Amino acid sequence: MTVMHIGLTDGSNLLTNYMGTSYMVAVLISVFADTFIGRYKTVIISSVIELVGLLILTLQAHSNKLKPPYCVFPFDPKCETVSGDGRTHLYVGLYLVAIGSAGIKAALPAHCADQFDEKHPTEKLQMSSFFNWLLLSLCTGGAISVTVFVWIQNYKGWDKGFGAATGVMGLALLVFIAGLPGYRISVVQGSTALLEILQVDRNVHVEHRNDCPLRCFQVYVAAIRNRNMKLPENPDELYEISKSKAPPDTDFMAHRDKPFRFLDKAAIVQAPTDEAPSPWRQCRVTQVEHAKTVLAMVPIFCSAIIMSTCLAQLQTFSIQQGVTMDRTIGTFKMPPASLPIIPLIVLVFAVPIYERGFVPFARRITGHPNGIPHLQRVGVGLVLSIVSMAIAAVVEVRRKRVAARHGMLDANPMLGKQLPISCFWLAPQFTVFGVADMFTFIGLLEFFYSQAPPALKSMSSSFLWCPMSLGYFLSTIIVKAVNAATKGATASGGWLAGNNINRNHLDLFFWLLAVLSFLNFLNYLFWASWYKYKPQQSAHVPAEHKV
C-alpha cells in the first residue's frame, strides 16, 4: 500500500492469492520431490529459487525506476499505482518467493520426519515432539522477521530489509547443506502415491511389492465395478495375499467393518479365469483398509479451510486496524507489521510448556503417547479460532467508537493521526488464534502422519497445505462476495470496499467469520466422532536397544 500504492482490498486479495498459491504449489512439488529428485535436493533448489525472488525484490526496492513516485497513499488523489516493468518485477519476485517457500514447505517437514524410525519406540515419541519443535522454530524465525526485519524496512529502507532477508536465507541454505553428511536420506521412489493412484495399468500387479505406493483409487473403482456383487458374511473370505508367501516387509492391515463398508466389495474374490484378476476389480483387504482411512481423513482436513480463511484476515485487515491505532511503547513506536509478534511470543513460550509440561501430565492421565488424541487437539484449536474471530469483532466495534467519539473517522494515519486507543487491544485476538494454530495445524500434521498409509506419509505436510491454500483462496472469494452483497450498505460500495477502514464494516465481517467457523466446528464434530483410528502397529525394538 505505502510503496506500490495498491488499495486495501486489492492488496489483501493479492496477499491471500500469493499465500494460497504458495501452499497449493507445495502439493505439486511434493509429488515432484518424491518422484524425481528427492526431498533434500528439493529443499536446496527451493531455497535457491526463494533467494532469487528475494534478490529481485531487493533490487526493485532499491531502484526508483521500478516504483511509482512517492505520495501519501491513499489520501493523495495524484497517487500512481505500480505498473509496467515495476508491476512485472513485483509479481515475478513475489511468486518466485512463493514457489521457493512452497518447496521448503513440501519437502522439509517430510525430510525431517525421515530422521525418525516410526517402528522404534523411542524415535516414535521423538517424532511427535519434532512437530512441536518445528512449530517453535517457525515461530522463532517469524518473531525475528516481524521485529528486526520490519524495523530495518521501516527505518533503514525496504531495500535493506529485503537484503537482510536474502542474506539470512543464504545462511539457512548453508546450514542445511552442512548437515548433509548426517542426514538419513529417503530413497527416490520413481513414483508417488498420487501418481500411482491416477495411473491405469491392467498389466502391472504391485500387490506383492511393499515399496510401491498403495493404489487407493483402484479400490474406489473396483468397489463401483463390483457394486452388484454380494459381500460374503465371513470377512476372511475377502481377498488377501498369504503372509507366508509375501516378502517380509509387506504391509498388512486387519479388516474393519466400519467405516465405508461398501468398499469391501473391492476385495471380493473374482471367479477364476485363465488370466490373473485385474487390480481394478480385485484388491487386497489391506489396500481396501488404507483406502477407507484416506477417504475418512478428507473431511477432517477440510476443517482447516475455514480456519485458514480466518488466519488470512489477521494477516491483512487486522494489520490495517493496527495502522490506525496508537502503537507507542514508551518512546518507541511499534510498526504495524510487527503486530504478529504477539502470538509468536506466546507460541515461543507455549510450545515448550505444552511439550515438556502438558504432554507428560496428560500422558499419565490418558495413557495416550501424545497426551491427548489428535482429533481432540484439533477440536480445541477450532473452538479457539471461533473465540478469536468473536474477540476481533468486539475490538473492532470499540475501535470505531473511539474514532467516532473523537471525530477521527476520516483521520489519515499516514500523517501520524492515530486513534487514541492502544494497538494492544488487538493482542487477545492474535494470542487466542496463535494458540489455536498450535493445536489445530500441528495436530493435523501428527494425525495424518500416524493414520496415513505408508506410501502417503511423505506427503503428510502437503495434505495440510492443500486445505490451507483453499482457505486463502476462499478468503479472496468471500471478500469479493461480501462487497458485492453489501454494495449498497456503505458509501464506499461494500463492507470492505474503499481504503478508509474507519468507514467500513469490518466488525460485521468478523462476526460472519465467527458464524462460519462455528458451523465448520459442528461439521468437524460430526466427522471426528465418526472417525475410527486405525490400529497401530507394535513398535519393533532392535536387539541392541533391548539391553
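Any value given below was found using the heavy atoms of this structure, including those in side chains, with hydrogens, waters and symmetry copies removed. Note that this is a predicted model, so its numbers are computed, not measured.
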Closest contact, heavy atoms only, [X] versus [Y]:
X: Ala26; Y: Lys105; result: CB-CB, 4.3 Å
X: Lys333; Y: Tyr155; result: O-OH, 3.2 Å
X: Pro335; Y: Val150; result: CB-CG1, 3.5 Å
X: Val479; Y: Phe317; result: CG2-CE1, 4.1 Å
X: Pro181; Y: Ala178; result: CD-O, 3.4 Å
X: Glu355; Y: Val359; result: O-CB, 3.7 Å

Between [Y] and [X], is there a side-chain heavy-atom distance shorter than 4.5 Å?
X: His505; Y: Leu496; result: no
X: Pro340; Y: Ile319; result: yes
X: Leu339; Y: Ser318; result: no
X: Val82; Y: His5; result: no
X: Phe358; Y: Ile372; result: yes
X: Asn520; Y: Leu516; result: no
X: Pro343; Y: Thr431; result: no
X: Val402; Y: Pro420; result: yes

Have a look at Tyr354 and tell me which of Phe361, Phe349, Phe439, Trp133 forms a ring-ring contact (aromatic ring centres under 6.0 Å, His included) with it.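 The ring-ring contact (aromatic ring centres under 6.0 Å, His included) with Tyr354 is passed solely by Phe439 among Phe361, Phe349, Phe439, Trp133.
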Distance check, rounded to the nearest 0.5 Å: [X] atom [atom1] versus [Y] atom [atom2]?
X: Leu347; Y: Ile342; atom1: CG; atom2: CD1; value: 12.0 Å
X: Ile104; Y: Ile44; atom1: CD1; atom2: CD1; value: 11.0 Å
X: Asp507; Y: Arg398; atom1: CG; atom2: CZ; value: 14.5 Å
X: Ile56; Y: Leu66; atom1: CD1; atom2: CG; value: 10.5 Å
X: Thr309; Y: Met389; atom1: OG1; atom2: CE; value: 10.0 Å
X: Phe130; Y: Ser137; atom1: CZ; atom2: OG; value: 8.5 Å

Evaluate side chain to side chain donor-acceptor pair (under 3.5 Å) for Asn502 paired with Asp410, printing each intermediate quantity in order. CA-CA 7 Å; Asn502 295 332; Asp410 295 311; over 6 Å; no
Pairs of donor and acceptor atoms involving the side chains of residues 468-476, under 3.5 Å and at least two apart or interchain, shall be tabulated with distances.
residue, atom, partner, partner atom, Å
Ser469, OG, Gly20, O, 2.6
Ser469, OG, Met24, N, 3.4
Tyr472, OH, Gln315, OE1, 2.9
Ser475, OG, Gln313, NE2, 2.8
Thr476, OG1, Thr16, OG1, 2.6
Thr476, OG1, Asn17, OD1, 3.0

Could you please spell out the steps behind the ring-ring contact (aromatic ring centres under 6.0 Å, His included) verdict for Tyr23 and Tyr18? CA-CA 9 Å; Tyr23 285 117; Tyr18 158 83; 9.5 Å; no
Any sub-3.5 Å donor-acceptor pair from [X]'s side-chain atoms to [Y]'s backbone N or O?
X: Ser101; Y: Val97; result: yes
X: Ser422; Y: Phe424; result: yes
X: Gln418; Y: Pro413; result: yes
X: Tyr524; Y: Leu375; result: yes
X: Ser385; Y: Leu382; result: yes
X: Thr316; Y: Ser12; result: no
X: Asn483; Y: Ala497; result: yes
X: Thr440; Y: Asp437; result: no
X: Thr42; Y: Ala106; result: no
X: Gln60; Y: Gly86; result: yes

Derivation of the side chain to side chain contact (heavy atoms under 4.5 Å, CB included) call for Ile386 and Leu513: CA-CA 8 Å; Ile386 301 171; Leu513 291 177; over 6 Å; no
Step-by-step side chain to side chain contact (heavy atoms under 4.5 Å, CB included) determination, Met4 to Thr81: CA-CA 6 Å; Met4 298 299 173; Thr81 303; over 6 Å; no
With sequence neighbours left out, write down each residue that passes side-chain contact (heavy atoms from CB on, under 4.5 Å) with [X], or none if nothing qualifies.
X: Val395; value: Ile391, Trp425, Leu426, Gln429
X: Val298; value: Cys302
X: Ala390; value: Trp511

Would you please test Val346 and Val435 for side chain to side chain contact (heavy atoms under 4.5 Å, CB included) and show each step? CA-CA 8 Å; Val346 171; Val435 177; 4.0 Å; yes
For Phe149, look at atom CZ and say whether over 12 heavy atoms of other residues, nucleotides or ligands are found less than 6.0 Å away. yes
Salt bridge (Lys or Arg N to Asp or Glu O under 4.0 Å) with Asp85: which residues, sequence neighbours excluded?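 For Asp85 there are no salt bridge (Lys or Arg N to Asp or Glu O under 4.0 Å) partners, ignoring immediate neighbours.
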Report the C-alpha distance between Tyr40 and Tyr183 in whole Å, list the side-chain angles of each, state the deciding distance to 0.1 Å, and finish with yes or no for ring-ring contact (aromatic ring centres under 6.0 Å, His included). CA-CA 9 Å; Tyr40 81 95; Tyr183 294 148; 7.7 Å; no
Kindly indicate, with the supporting measurements, whether the criterion side chain to side chain contact (heavy atoms under 4.5 Å, CB included) is fulfilled by Phe509 and Val482. CA-CA 8 Å; Phe509 183 63; Val482 165; 4.1 Å; yes
Hey, can you tell me if Tyr91 and Tyr95 have their rings parallel, tilted or perpendicular (30° and 60° cut-offs)?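 Parallel.
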If a pair satisfies disulfide bond (SG atoms under 2.5 Å apart) and one of its residues is in residues 28-99, list it, with sequence neighbours excluded. Cys71-Cys79
